[in-house]
Amino acid sequence: MNEQPSASHEQAAPEPATAQATAPARPVALITGVGRSIGIGAGIARQLAASGWDIAFTYWTPYDRRMEWGAEDGAAASIARELEKAGARTAAIEADLTGPDAPIRIFDEAEQRLGPVTALVLSHAESVDSGLLDTTVEAFDRHFAVNTRASWLLIREYGLRFRGEPGSKLGGPGAGTGTGAGRIVALTSDHTVGNLPYGASKGALDRITLAAAHELAHLGVTANVVNPGPVDTGWMNDELREALTQGTPLGRLGTPQDTAHLVDFLCSPQGQWVNGQLLKSNGGAAP
């Protein structure tokens, strides 16, 4: 920040422009579900930070605590430090997405700390295996509250607040520059059998996101859904890992980086013509 002018204007030399003052503003990406350093959300955050984005991200430690992999102590702070080393300003926001007021609070904090959000990436999830006969009403409602309702409210809040450059519709002036046309990317899954509430709630998320591609078109916003396929972020056992590897033509599982590269492309100027799509980035794995 420049110092105040000295009282003796004749002797004061002009202040040289600093790199911070002359550098163009970085666009802001809000990424949900960045609670573990080996997760897909963290991979996306790292890639976008390296591509010139400032990053606001959400996490919810109590969810990880009740899952078999457990919570990663200090993950949010550690991820934030990594992103800052890549040049990004960061805002780590702990948020329980079961509450309908959470999206407003998240956007308020992200905007206060970093500025208006240009890209919204939905990588959060409630995921507890259960089928048609053993899913409880409580589990069903929680999956839809987190995976579907919270995603709709986040997309709605984004649409209500988004301010692109005038005339920055897709292909127009400012489109895809990070300050013009906006981006929504949601991560989905094709799980259904034995994973009823997760698969059903993700299917509803798909429809909401694809609707946004049309209903937010007047803002110059693209919206796409990405199915990353089998990505081992610590939740697979050895038997499942082997079965999924054998079922993938490339002979390996997906990585968070695989998903991150696609999301990075969709958020880039080069990705502006991809809109309203459900994209499978799964190495050719059969559903």
Side-chain angles (χ1 to χ4, degrees), residues 30-36 39-41 44 57-69 94-107 120-159 184-216 223-236 240 244 254 256 259 263 276-282 285 287:
L30 170 58
I31 308 170
T32 61
V34 187
R36 297 188 301 142
I40 293 176
I44 293 170
F57 66 88
T58 73
Y59 64 100
W60 183 236
T61 304
Y63 170 72
D64 291 314
R65 284 203 187 103
R66 63 182 171 85
M67 304 304 288
E68 60 185 36
W69 53 75
E94 187 164 22
D96 179 4
L97 292 175
T98 60
D101 58 341
I104 292 176
R105 184 179 67 81
I106 290 167
F107 268 90
L120 173 64
V121 181
L122 302 173
S123 62
H124 66 275
E126 169 76 19
S127 179
V128 179
D129 292 349
S130 59
L132 283 166
L133 302 182
D134 60 340
T135 295
T136 67
V137 171
E138 178 188 13
F140 189 89
D141 288 348
R142 186 168 59 248
H143 278 79
F144 272 82
V146 174
N147 298 343
T148 307
R149 185 181 67 191
S151 297
W152 157 54
L153 292 173
L154 284 160
I155 290 173
R156 184 177 75 170
E157 199 64 27
Y158 174 85
I184 297 171
V185 182
L187 301 191
T188 192
S189 172
D190 51 19
H191 281 197
T192 51
V193 178
N195 212 352
L196 169 72
Y198 177 69
S201 58
K202 283 289 189 176
L205 164 66
D206 298 352
R207 302 302 100 185
I208 293 168
T209 306
L210 298 181
H214 297 271
E215 295 192 23
L216 301 183
N224 293 286
V225 184
V226 171
N227 183 341
V231 179
D232 186 7
T233 57
W235 58 273
M236 296 182 187
L240 180 59
L244 291 173
T259 308
V263 174
Q277 303 300 309
L278 198 167
L279 305 168
K280 289 190 175 184
S281 175
N282 63 5

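Quick note: numbers below take in every heavy atom, side chains included, and nothing from hydrogens, waters or symmetry partners. Residue numbers count from 1 along this sequence.
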For [Y], is there any backbone N or O sitting under 3.5 Å from a side-chain donor or acceptor partner on [X]?
X      : Y      : result
Thr58  : Glu94  : no
Ser201 : Tyr198 : yes
Arg149 : Gly99  : no
His124 : Gly35  : no
Asn224 : Gln277 : yes
Asp141 : Glu138 : no

Side-chain heavy atoms of [X] within contact of [Y], under 4.5 Å:
X      : Y      : answer
Leu122 : Ile155 : yes
Ile208 : Ser151 : no
Thr32  : Ile106 : no
Pro62  : Asp96  : no
Ser123 : Ile31  : yes
Phe107 : Leu154 : yes

Nearest 0.5 angstrom please: Leu187 CG to Asn147 CG, how far?
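Taking CG in Leu187 and CG in Asn147, the distance rounds to 11.0 Å.
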Do Ile184 and Leu216 pass the side chain to side chain contact (heavy atoms under 4.5 Å, CB included) test, and can you show the C-alpha distance, the side-chain angles, and the key distance before you say yes or no?
CA-CA 10 Å; Ile184 297 171; Leu216 301 183; 3.8 Å; yes
